[in-house]
Amino acid sequence: MWARILDWFGFGSHGHGHGGHGHDHHGPHSHTHGVIDATIATTDHGIWAIKWSFVILALTAALQLVVVVFSGSVALLADTIHNVADATTAIPLWIAFALARRKPTRTFTYGLGRVEDLAGIAIVLIILASALVAGYEAIDRLLNPQPVRFLGWLAAAGIIGFLGNEAVAVFRIRVGREINSAALIADGYHARTDGLTSLAVVIGAIGVWLGFPLADPIIGLIITLAIFGIVWQSARSVLTRMLDGVEPGLVAEIHHAAEHVAGIDRLVEAKARWLGHKLHVDVAIAVNDGLLLAAANNIAASL
């Protein structure tokens with residue numbers, strides 16, 4: 001007999017959840033039985049993370065912008081432009097998490113979890129635009145050199161950029177893993193890379209102080225190349241999910257979980273795709289031909 005099961009798996013660090021059975025597993029001993037909608041709970045947490053990330057990065061960019069005006073540093077300008085773009089990416093993520101809270105309808109029977117993928121595309125485009133602007137300014141400064149002033153403040157602004165981005169990176173990555181959001185985790189690693197590029201501003205300031213004025217626009221170009229690298233990595237990650245790609249080894253994990261369900265003779269096929277924070281799994285199993293339909297259905301329900 002063949003049984004076809006459609007289930008929801010919310011894989012965390014220790015376990016998995018079955019939304020179709022009214023409970024969710026976030027760890028080996030953590031269960032909630034029909035008390036809270038897991039999607040709404042994680043979305044609230046996600047929105048909370050996005051709000052604070054936006055505040056931290058906006059303050060960081062504002063402080064850097066003041067130093068840009070007085071120092072004339074194109075390296076710091078590139079870093080500030082990117083920090084502004086990074087803060088701005090919070091807006092599409094915020095909208096996506098808010099829309100994901102809506103319950104499924106007759107039109108959108110799976111809900112609006114896919115909106116998070118669209119937010120990922122918007123983020124990639126924002127980062128790409130910041131890279132183009134930063135690159136243009138750096139090349140223009142190489143062709144038309146201008147003096148860089150207030151080197152001490154310039155170095156301090158670079159350190160501020162690093163600290164602000166690292167704080168956001170740690171925050172986003174931790175919350176992203178808690179709620180299983182690839183977009184939030186990716187944005188966290190993006191913020192961490194931004195922190196390293198902010199330190200490059202300090203190196204540029206030291207180069208100018210040592211008598212090499214072109215160090216500033218060169219650092220600006222290096223930061224631009226780093227931003228383009230982030231664009232490539234982020235685009236690949238987001239497009240993989242939009243095309244229903246899953247992480248390597250995930251299907252093997254599904255096979256392993258199904259093998260521990262009593263009554264299954266063979267797992268014929270397993271397919272998976274992400275819809276927002278939930279992993280949608282379609283499994284085909286083979287059971288003993290002599291089983292009654294009710295018994296086979298019980299095996300299917302135990303997955």
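A continuous path of ILVMFWY side-chain contacts below 4.5 Å connects Phe108 to Leu99, so both sit in one hydrophobic cluster. Placement of Ile81 and Val231 within a single hydrophobic cluster is found when ILVMFWY residues are connected by side-chain heavy-atom separations under 4.5 Å, directly or transitively. Under the 4.5 Å side-chain heavy-atom criterion for ILVMFWY residues, no single connected hydrophobic cluster contains both Leu196 and Val170. Hydrophobic clustering of Ile, Leu, Val, Met, Phe, Trp and Tyr side chains at less than 4.5 Å, counting indirect connections, unites Ile139 with Leu132. Taken together through direct or relayed side-chain contacts under 4.5 Å among Ile, Leu, Val, Met, Phe, Trp and Tyr, Ile56 and Leu163 form parts of separate hydrophobic clusters.
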When you look at Lys271 and Val251, which way does the side-chain contact (heavy atoms from CB on, under 4.5 Å) test go after all the steps? CA-CA 7 Å; Lys271 296 180 180 180; Val251 174; over 6 Å; no
Walk me through it: do Ile127 and Phe228 pass the test side-chain contact (heavy atoms from CB on, under 4.5 Å)? CA-CA 8 Å; Ile127 300 171; Phe228 276 117; over 6 Å; no
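Checked against side-chain contact (heavy atoms from CB on, under 4.5 Å), Ser237 has no partners two or more places apart in sequence or in another chain. Residues satisfying the salt bridge (charged side-chain N to carboxylate O under 4.0 Å, His left out) test with Arg141, not counting sequence neighbours, are none. Residues forming a side-chain contact (heavy atoms from CB on, under 4.5 Å) with Asp244 (at least two apart in sequence, or on another chain): Arg114, Arg273. With sequence neighbours left out, Phe54 forms a ring pair (Phe, Tyr, Trp, His ring centres under 6.0 Å) with no residue at all. In this structure His256 satisfies the ring pair (Phe, Tyr, Trp, His ring centres under 6.0 Å) test together with His260, sequence neighbours excluded.
Considering CZ of Phe70 and CG of Leu65, their distance stands at 10.5 Å, rounded to 0.5 Å. Within the model, atoms CD1 of Ile185 and CD of Glu178 stand 10.0 Å from one another, a figure rounded to the nearest 0.5 Å. Remark: Thr88 OG1 to Ile123 CD1 distance equals 10.5 Å, nearest 0.5 Å. For the atom pair Leu59 CG and Asn83 CG, the distance stands at 11.5 Å (nearest 0.5 Å). Atom CZ of residue Arg241 and atom CD1 of residue Ile121 lie 13.0 Å apart, to the nearest 0.5 angstrom. Residue His82 holds its NE2 atom at 13.0 Å from CG of Leu77, rounded to the nearest 0.5 Å.
Two residues are said to be in side-chain contact when any heavy atoms from C-beta on lie closer than 4.5 Å; Val268 and Ile285 fail this criterion. Looking only at side-chain heavy atoms (C-beta outward), Glu247 and Trp274 come within less than 4.5 Å of each other. Side chains of Trp52 and Phe171 form a contact here, defined as non-hydrogen atoms less than 4.5 Å apart. For the pair Ile227 and Ser130, the minimum side-chain heavy-atom distance is below 4.5 Å. Contact check for Val115 versus Leu112: side-chain heavy atoms found under the 4.5 Å cut-off. The shortest distance between side-chain heavy atoms of Val67 and Leu63 does not fall below 4.5 Å. At least one side-chain heavy atom of Tyr189 sits less than 4.5 Å from a side-chain heavy atom of Ile173.
By the 6.0 Å contact criterion, CZ on Arg192 is enclosed, its count of non-hydrogen atoms from other residues, nucleotides or ligands being greater than 12.
Residues Ala61 and Thr80 approach most closely at O-CG2, 3.7 Å, considering heavy atoms. Here the shortest heavy-atom pairing between Gly188 and Ala169 reads O-CB, 3.2 Å. Closest approach of Val148 and Gly72 over heavy atoms only: CG2-O, 4.3 Å.
No side-chain donor from either of Ser71 and Arg149 sits under 3.5 Å from a side-chain acceptor of the other.
Side chain of Gln64 to backbone of Ala157: a donor-acceptor contact under 3.5 angstrom is found. Between the side chain of Asn165 and the backbone N or O of Gly161, at least one donor-acceptor pair lies under 3.5 Å.
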Using residues 197-226 as the side-chain source, report each donor-acceptor pair under 3.5 Å to any protein atom, sequence neighbours left out, with the distance given to one decimal.
residue : atom : partner : partner atom : Å
Thr197  : OG1  : Asp194  : O            : 2.6
Ser198  : OG   : Asp79   : OD1          : 3.1
Ser198  : OG   : Asp79   : OD2          : 2.7
Ser198  : OG   : Asp194  : O            : 3.1
Asp216  : OD1  : Ser73   : OG           : 2.6
Asp216  : OD2  : Val74   : N            : 2.7
Asp216  : OD2  : Ala75   : N            : 3.4
Thr224  : OG1  : Gly135  : N            : 3.3
Thr224  : OG1  : Gly220  : O            : 2.9

